[in-house]
Amino acid sequence: MWTLEPAGLDLRRTLDSGQAFRWRWEDGHGCGPIATGIVGRHRFRVAQDRDGIRLLAPATAEARDAIARYLGLRPRSDAQLGRLVGAPTITGRRAPAVLCDGMRPGPLPASPTGLARIEATLAADRVLARVIPHTRGTGLLIQDPWEVLISFIVSQNNNIPKISRSIDALARALGDRVDENGYAFPSAERLAGAPAGILRACHLGYRAPYVRAAARLAASGRLDLAALRRMPEQEARDTLHAVPGIGDKVADCILLFGLGHTTTFPVDVWVRRAMERLYFKGRPRPICDIRVFARARFGPFAGYAQQHLFAYAREHLRPRGPHISARPQ
DNA sequence: GGGCAGGTGTAAT
DNA sequence: ATTACACCTGCC
């Protein structure tokens, strides 16, 4: 169990919440689990302890700012950091930076800021008030829209371990090398020019043509990611919808995880399960109804509500048993 | 071995 | 405007 700061982000819940696919956990040998992942052109090593979230590597101010932004955190000021950043120790190695929760940039209202306040706001909802104690600290990352776009095309009708393997394989085959065993997410140009054999080797299956088509659109400029960032939500959704392989669900994921539109509420099987159980007395409900209901109910923080419901479903609403065939008449 | 996994496109009403 | 179905692949 994580010890959280008053306005805390739960690093594991956030990195494992299905919005990013390039983080792995390793044993810190007494220092707790360490998350390792490639963001942009760097491999980051991050951990959480009582003092907060620590950036173990790279030990640079640039890396600190980059990971802080990625996590939706704000680096502590140098005065607060004290020994933590830019102060070489006796061994000459820089000590790890500590990050703290703060304002998340993006299309959020000026207040509330910080996860704790968002959670407090959402807890006005009776159901979320019961859910959030189980899911506290589940945050939204600020990721590269291009990586998110491709990752969620790959995610369709797929599961997380396999998505992760495919993304890793794509990076290894087509991305720039960042360290001895790490590769950056490939550019649209590299992806667009990849031979079919390469994509097949990444086990994309029938999604390979979607990935290639999206890459060609982006590489040719017919899909302008920078413009996408500036578009209002609905316009961005329509633009994304025109890309082969992007339907309602994937568009919502890209809008939320890549473009910071926190009013969106992607409904996957887990969120659907949670919503039907918690809001509709366990009765089946069409996905589009659930989405409309949730957006109206949670407003500007629908995306955060979705994160909590997803985390809750994953931790508490797993389908029991492999298959239940007998059902009472 | 059939079914399913964080859906979408297509063809059929 | 809705509904059914196939689809790569790995895993149970």
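Quick note: numbers below take in every heavy atom, side chains included, and nothing from hydrogens, waters or symmetry partners.
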A/W146 reachable from A/L140 in the ILVMFWY side-chain graph, under 4.5 Å edges: yes
Footprint string (nucleotides 6-13 of chain B, 5' to 3'): B base within contact, S backbone only, - free, heavy atoms under 4.0 Å: BBSS----
Side-chain H-bond candidate by donor/acceptor type, A/D248 with A/H241, under 3.5 Å: yes
Donor on one side chain, acceptor on other, A/Q307 and A/S17, under 3.5 Å: yes
Nucleotide opposite B/dA5 in a Watson-Crick or G-U pair, distances under 3.5 Å: C/dT9
For C/dT2, the Watson-Crick or wobble counterpart (both distances under 3.5 Å): B/dA12
Residues, nucleotides or ligands: over 12 heavy atoms within 6.0 Å of A/R24 CZ: yes
Separation of atom [atom1] in [X] from atom [atom2] in [N], rounded to whole Å:
{"X": "A/L204", "N": "C/dG10", "atom1": "CG", "atom2": "P", "answer": "11 Å"}
{"X": "A/I287", "N": "B/dA5", "atom1": "CD1", "atom2": "C1'", "answer": "13 Å"}
{"X": "A/R165", "N": "C/dT9", "atom1": "CZ", "atom2": "P", "answer": "13 Å"}

N/O donor-acceptor pair under 3.5 Å between A/R207 side chain and A/N157 backbone: yes
What's the gap between [N] and [M] when it is taken at their [atom1] atoms, as a whole Å value?
{"N": "C/dC5", "M": "B/dG3", "atom1": "P", "value": "13 Å"}
{"N": "B/dG6", "M": "C/dT2", "atom1": "C1'", "value": "24 Å"}
{"N": "B/dA11", "M": "C/dC8", "atom1": "P", "value": "15 Å"}

Validation row: A/L115, A/T138 side chains within 4.5 angstrom (heavy atoms): no
Under 4.0 angstrom between A/H203 side-chain N/O and C/dC8 OP1 or OP2: no
Distance below 4.0 Å between A/R272 side-chain N/O and B/dA5 OP1 or OP2: no
